[in-house]
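Report on the following structure.
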Number of protein chains: 2
Amino acid sequence: MADVARIAGVSHQTVSRVLNGHPNVKAETRTRVEMAIDELGYRRNSSARALVTRRTSVIGVVAFDPTLYGPASTLGGIERAARAAGYFLSVVTLQTVTREAVREAMDYLAQQSVEGYIVIAPLRTVVDGLVDLPYGRPVVAVEGGQAPDLPVVCVDQPGGAYLATRHLLELGHRTVHHVAGPHDWLESEGRVAGWRRALEEAGAPVHEPLSGDWRPREGYELGRRLAEDREVTSVFVANDQMALGVLRALGETGVRVPQEVSVVGFDDVPEAEFFTPPLTTVAQDFSEVGQRSIALLLSLLEESDSPGTAPKRDVVPARLITRQSTATPSTR
Amino acid sequence: MADVARIAGVSHQTVSRVLNGHPNVKAETRTRVEMAIDELGYRRNSSARALVTRRTSVIGVVAFDPTLYGPASTLGGIERAARAAGYFLSVVTLQTVTREAVREAMDYLAQQSVEGYIVIAPLRTVVDGLVDLPYGRPVVAVEGGQAPDLPVVCVDQPGGAYLATRHLLELGHRTVHHVAGPHDWLESEGRVAGWRRALEEAGAPVHEPLSGDWRPREGYELGRRLAEDREVTSVFVANDQMALGVLRALGETGVRVPQEVSVVGFDDVPEAEFFTPPLTTVAQDFSEVGQRSIALLLSLLEESDSPGTAPKRDVVPARLITRQSTATPSTR
DNA sequence: CTGAAAGCGCTTACAG
DNA sequence: CTGAAAGCGCTTACAG
């Protein structure tokens with residue numbers, strides 16, 4: 001900056017003014033400074049700037065398993081929104097999602113003086129542990145469910161599950177079986193709740209849901225059990241990867257989909273349309289979730305002086321995508 | 001830091017020494033300082049530190065489409081390795097991968113004074129544009145192919161493709177058709193090269209490869225074309241997502257896999273084992289790629305004073321996973 | 001083993 | 001509209 005000032009023949013604070021778009025600079029001076037900047041390829045030192053402004057422009061993100069479609073897409077949406085707002089994203093990915101691992105990740109990010117946190121770790125225990133953190137920085141929980149004391153952005157999981165279940169009931173199924181996600185996951189809970197509500201509203205019998213780990217393998221194993229039960233005519237599976245496993249198990253045991261059993265998934269991964277058969281599923285707008293997360297965090301950052309307001313909750317709707325894995329039931 | 005010093009009854013540079021693990025501190029003093037740190041919940045200001053040390057401990061990563069399995073997994077591996085080495089990761093994800101977009105992303109990261117870059121953007125034009133960058137910071141290209149002037153970490157794409165093609169030839173197929181990835185992608189080129197070499201070595205006829213965009217949809221559309229060609233008895237598809245589309249197209253048109261046509265993919269996504277039929281494919285160790293990328297970048301960072309050495313290239317082997325989508329050909 | 005001093009490269013009131 | 005001064009919170013030689 002001193003070099004720029006010398007070449008432009010001004011003081012370094014005039015350079016600073018130009019850099020910060022300060023209005024009180026004569027146009028001719030501004031041009032001279034800009035030319036000197038270009039000539040030297042000068043770039044402002046971010047550490048010095050952060051030191052004096054007390055703002056790092058860094059948002060810490062705690063994510064996990066970037067191999068799962070949902071979290072990965074959300075991360076993409078967050079990143080784009082952050083960059084559009086001039087923020088940098090410092091990302092920590094977790095192998096195992098426990099309360100301790102999340103705290104460790106946040107401690108790590110705190111070393112970098114992040115201005116706020118976005119945590120994509122939709123487990124009840126993790127979200128509960130996010131209240132009253134010692135960092136003094138706002139935290140937004142993505143898919144944080146109904147957490148009452150935390151700013152949350154999430155997809156309307158119960159609503160999506162309700163849509164899926166209604167769809168099957170309307171096709172004429174007497175009831176709908178459910179392969180849920182893992183216990184403790186808020187998405188699992190939300191989807192179970194929506195499924196249950198649809199059944200109860202329709203007066204349909206509610207069978208205890210099976211529970212898997214989101215992975216295709218467990219979908220496959222649970223699918224083998226469903227294949228044996230001749231009562232089953234329709235299954236709402238809590239995500240597409242497990243639905244793939246269910247489809248595979250059904251196919252292997254000679255149960256025809258959708259003629260004998262209808263299957264609905266959740267997520268609408270890019271592959272879903274090309275499963276055998278193409279999967280009816282519930283789509284979530286992950287990139288919207290990402291954008292709203294950043295928007296919420298930024299609003300929290302701005303009003304951090306007046307922390308009187310209640311935590312906000314932003315819910316993104318889900319929508320049903322009908323394909324060929326669902327039909328009116330015939331006898332098995 | 002001043003507060004800590006006051007409570008511990010020492011000067012602030014003694015606090016600094018304790019923080020940095022400097023040996024010349026009396027044990028008793030050290031304990032006193034540590035207690036004061038705990039009491040205050042003190043955390044060192046990273047900006048001030050970076051300003052004086054001229055090290056931000058931040059690595060910039062340019063990634064793209066976190067929805068693709070390979071790049072997403074690689075990012076995970078990079079993040080873990082970086083954190084283990086005490087570095088932070090600042091991530092920019094690209095929507096479209098062009099040379100300009102990559103440059104823009106790197107410019108953005110430069111604002112944050114990153115110490116080095118990892119670019120996961122395996123297009124020839126992008127990689128070519130990475131040489132002679134104006135940042136004066138080391139750059140590692142992940143999946144940068146054979147780029148002669150750039151440090152690169154990549155999976156042995158030709159080797160993997162060779163394995164897949166050999167496997168089909170050994171099963172008795174007269175030749176192997178190929179659905180390649182998009183032009184300009186180094187992974188596409190590498191896989192084409194390995195496939196071609198295996199065919200040529202065996203004296204098998206080489207049919208011009210079809211080319212898709214990695215997505216299941218184009219796999220499906222190209223699969224429809226392959227289904228019509230009764231000469232085709234085996235297909236090596238450049239990734240699993242397109243292979244899914246091919247499988248779907250074949251199934252839809254009544255072509256049995258593997259009895260009539262064998263299919264091999266590339267990537268070994270978690271779903272591959274549950275495709276119909278379970279897919280024979282080539283596995284890449286993405287997390288290993290991530291780790292080696294960080295290791296290479298760190299070594300570059302250390303020797304940045306003596307830039308005489310040639311750029312390094314680190315190749316991770318691929319391996320074939322045999323499942324049920326391949327068999328000895330019978331007549332169609 | 002420990003402290004007083006200087007300085008990293010910026011921004012922000014304060015003068016003029 | 002522009003410059004001289006102070007200070008953000010650290011680390012690094014330099015003394016002692």
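A, B, ... follow the sequence lines: proteins, then strands. Residue 1 opens every chain. Here the structure is a predicted model, which is why all the values come from computation and not from measurement.
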Worksheet item: Going by number, which of residues 45-60 of chain A have a non-hydrogen atom under 4.0 Å from DNA chain D?
Response: A/Leu51, A/Val52, A/Arg54
Worksheet, complete the sentence: Of B/Asn20 and A/Val10, the one whose nearest nucleotide on DNA chain D sits closer to the 5' end is A/Val10
Response to the item:
One should read off an interatomic distance between B/Ile7 CD1 and B/Met35 CE, to the nearest 0.5 angstrom, of 10.5 Å
Item to complete: Using atom CD of B/Glu28 as one end and atom C1' of C/dC1 as the other, report the distance to the nearest whole Å.
Response: 12 Å
Practice prompt. Give a yes/no answer on whether the side chain of A/Thr29 brings an N or O atom under 4.0 Å of OP1 or OP2 in D/dT2.
Written response: yes
Worksheet item: For DNA chain D, whose closest nucleotide is more 5', that of A/Ala27 or that of A/His12?
Response: A/Ala27
Worksheet entry | Distance in angstrom units between A/Arg32 CZ and D/dC1 P, rounded | 14 Å
Worksheet entry | Below 4.0 Å: OP1/OP2 of C/dC1 and any side-chain N or O of B/Thr14 | no
Item to complete: Using the criterion of both pairing distances under 3.5 Å for Watson-Crick and G-U wobble pairs, give all stems of 3 or more consecutive pairs involving DNA chain C.
Response: C:1-3 with D:14-16, C:5-12 with D:5-12, C:14-16 with D:1-3
Worksheet item: Can you tell me if B/Arg44 and B/Asn20 form a side-chain donor-acceptor pair at under 3.5 Å?
Response: yes
Item to complete: Rounded to the nearest 0.5 Å, what's the gap from OG on A/Ser113 to CZ on B/Arg49? Could you check?
Response: 11.5 Å
Practice prompt. Taking atom CD of A/Glu288 as the centre, report whether more than 12 heavy atoms of other residues, nucleotides or ligands fall under 6.0 Å from it.
Written response: yes
Practice prompt. Kindly indicate, with the supporting measurements, whether the criterion ring pair (Phe, Tyr, Trp, His ring centres under 6.0 Å) is fulfilled by A/Phe64 and A/Trp185.
Written response: CA-CA 13 Å; A/Phe64 76 110; A/Trp185 280 65; 5.4 Å; yes
Fill in: OG on A/Ser293 to CG on A/Leu75, rounded to 0.5 Å
10.5 Å
Practice prompt. For the residue pair A/Phe286 and A/Tyr69, categorise the inter-ring angle as parallel (less than 30°), tilted (30 to 60°) or perpendicular (more than 60°).
Written response: perpendicular
Discussion item. Does C/dC1 have OP1 or OP2 under 4.0 Å away from a side-chain N or O of B/Arg30?
Written reply: no
Worksheet entry | Whichever of B/Pro23 and A/Arg43 has its nearest DNA chain C nucleotide further upstream toward 5' | B/Pro23
Discussion item. Using whole Å, what does the distance between atom C1' of nucleotide C/dA6 and atom CD of B/Gln13 come to?
Written reply: 11 Å
Item to complete: Indicate yes or no for a side-chain donor-acceptor contact from B/Thr31 to the backbone of B/Ala27 under 3.5 Å, with no hydrogens or angles considered.
Response: yes
Worksheet item: How many angstroms lie between CZ in A/Arg83 and CD1 in A/Ile78, if you round to the nearest 0.5 Å?
Response: 14.0 Å
Worksheet item: With a non-hydrogen cut-off below 4.0 angstrom, is B/Arg17 in contact with a base, only sugar-phosphate, or nothing?
Response: base
Item to complete: Indicate whether OP1 or OP2 belonging to D/dC10 is found under 4.0 Å from a side-chain N or O atom of B/Tyr42.
Response: yes
